[in-house]
Amino acid sequence: MGAILNRSKFQDPVTTASGETRASVSLLSLQTLWINTGTLCNLTCANCYIESSPTNDRLVYITEAEVNSFLEEIAVSGLETNEIGFTGGEPFMNPEIIDILEATLSHDFRALVLTNAMRPMTKMQDGLLELRKKYNEKLVLRVSLDHYDHIYHEKERGARTWEPAIEGLRWLSEKGFTLSIAGRTVWDEDEGALRTGYGRLFKEIGLNLNPHNPVDLVLFPEMDEMVDVPEITTDCWSILGISPEAMMCASSRMVVKKKGSDRPVVVPCTLLPYDDRFEMGHTLADAAVDVPLNHPHCSKFCVLGGGSCSAN
């Protein structure tokens with residue numbers, strides 16, 4: 001673990017702790033709308049950024065009707081959204097998830113579901129097969145495998161989590177679902193070694209995926225908001241040779257429903273589900289504003305890590 005974050009950082013949305021102008025990102029076009037289906041999960045992972053678990057219901061189950069209101073706003077407003085992403089928690093623990101996916105796919109969006117492919121998903125195999133039959137490649141499932149070796153995967157997710165995930169993954173592959181894999185870069189291996197290792201696993205279990213394709217295998221940078229990271233100023237774009245247009249919040253937003261709230265709210269992205277400072281309102285129109293990069297995740301994951309949750 002690195003140095004502890006200086007708590008004077010990431011406080012002011014306009015100015016950094018050193019007095020420089022904080023960078024912000026404008027929404028160019030809403031390409032991906034993320035829906036958090038609820039933070040309940042069948043697992044308690046060691047380093048889950050959203051702290052999902054069998055008991056964490058800080059974000060409660062969103063309903064089909066609530067999702068539909070955003071799908072309808074996209075249509076009425078003529079937004080260019082082409083992808084609706086679903087994250088959790090474990091999305092397949094939401095009892096309305098199949099109906100939510102049906103509504104999404106029937107509106108001609110691509111639906112991307114982030115899952116651990118374990119028991120909550122396998123309990124919904126019949127519904128998934130119906131969706132696969134009707135919508136084919138429009139339904140994409142991204143399965144979390146934290147490493148290509150079961151020892152490291154279970155170090156993160158707990159004992160006896162590898163085989164059920166592989167079994168669920170094999171089922172998805174055999175039934176012809178469009179798949180990708182999400183891995184992590186926390187391990188003491190460079191990206192090339194990781195991709196080679198995943199390639200061996202893909203061959204072993206019969207997955208027709210290219211480990212060197214960043215869409216087939218997404219490797220996420222690590223996040224720990226307690227570890228010190230630099231704040232991003234307006235000068236950083238030219239210093240780093242990075243465009244604000246490449247940031248996730250230039251093309252996406254996320255809908256969450258907080259426990260005790262009577263309606264969902266929109267936040268900039270998948271990384272900031274709890275921080276009240278980033279609530280943007282109840283509609284997508286409310287959320288079409290600039291996002292100040294005023295959180296450690298903005299720096300570590302997006303700007304310096306080059307991370308993005310979209311399937312694109």
message: side-chain hydrogen bond (donor to acceptor under 3.5 Å, both in side chains) for S26 and D290? Distances and angles first, verdict last.
response: CA-CA 4 Å; S26 299; D290 291 357; 2.8 Å; yes
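- Here the side chain of Q31 pairs no donor or acceptor atom with the backbone of S251 at under 3.5 angstrom.
- Although no hydrogens or angles enter the test, the distance criterion places no donor-acceptor pair under 3.5 Å between the side chain of H147 and the main chain of H153.
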(request) List the steps and the verdict of salt bridge (charged side-chain N to carboxylate O under 4.0 Å, His left out) for E191 and R195. (result) CA-CA 6 Å; E191 181 173 335; R195 292 191 179 278; 2.8 Å; yes
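- Using a 4.0 Å cut-off between charged nitrogen and carboxylate oxygen, E130 and K134 do not count as a salt-bridge pair.
- Using a cutoff of 4.0 Å between basic side-chain nitrogens and carboxylate oxygens, K155 and D146 are not scored as salt-bridged.
- With hydrogens and angles disregarded, a donor-acceptor distance shorter than 3.5 Å links the side chain of E231 to the backbone of A17.
- Without hydrogens or angle criteria, T122 side chain to R119 main chain gives a donor-acceptor distance under 3.5 Å.
- Taking the six-membered ring where the residue is Trp, H150 and W162 present tilted rings, their angle falling between 30° and 60°.
- V218 and L169 are members of different hydrophobic clusters when ILVMFWY side chains are connected at heavy-atom separations under 4.5 Å.
- Counting only distance, with no hydrogens or angles, the side chain of E90 and the backbone of N116 share a donor-acceptor pair below 3.5 Å.
- The backbone N or O of T283 lies less than 3.5 Å from a partner atom in the side chain of D286, making a donor-acceptor pair.
- Nearest heavy atom pair, residue P273 against residue Y49, reads CD-CE1, 4.4 Å.
- When atom types are taken as modelled, the side chain of R22 and the backbone of D12 share a donor-acceptor pair closer than 3.5 angstrom.
- Within 6.0 Å of atom CD in E80, 12 or fewer heavy atoms from other residues, nucleotides or ligands are found, so the atom counts as exposed in its surroundings.
- Checked against side chain to side chain donor-acceptor pair (under 3.5 Å), D216 has no partners two or more places apart in sequence or in another chain.
- Y198 contributes a side-chain N or O that, together with a main-chain N or O of L145, makes up a donor-acceptor pair within less than 3.5 Å.
- Looking only at side-chain heavy atoms (C-beta outward), C269 and H297 stay at 4.5 Å or farther from each other.
- Exactly one of I74, V67, L101 qualifies for a side chain to side chain contact (heavy atoms under 4.5 Å, CB included) with I84. That residue is I74.
- Judged by distance alone, the side chain of T39 and the main-chain N or O of N56 form a donor-acceptor pair under 3.5 Å.
- Aromatic ring pairs are classed by plane angle as parallel below 30°, tilted from 30° to 60° and perpendicular above 60°; the pair H107 and F109 is parallel.
- When atom types are taken as modelled, the side chain of T115 and the backbone of A117 share a donor-acceptor pair closer than 3.5 angstrom.
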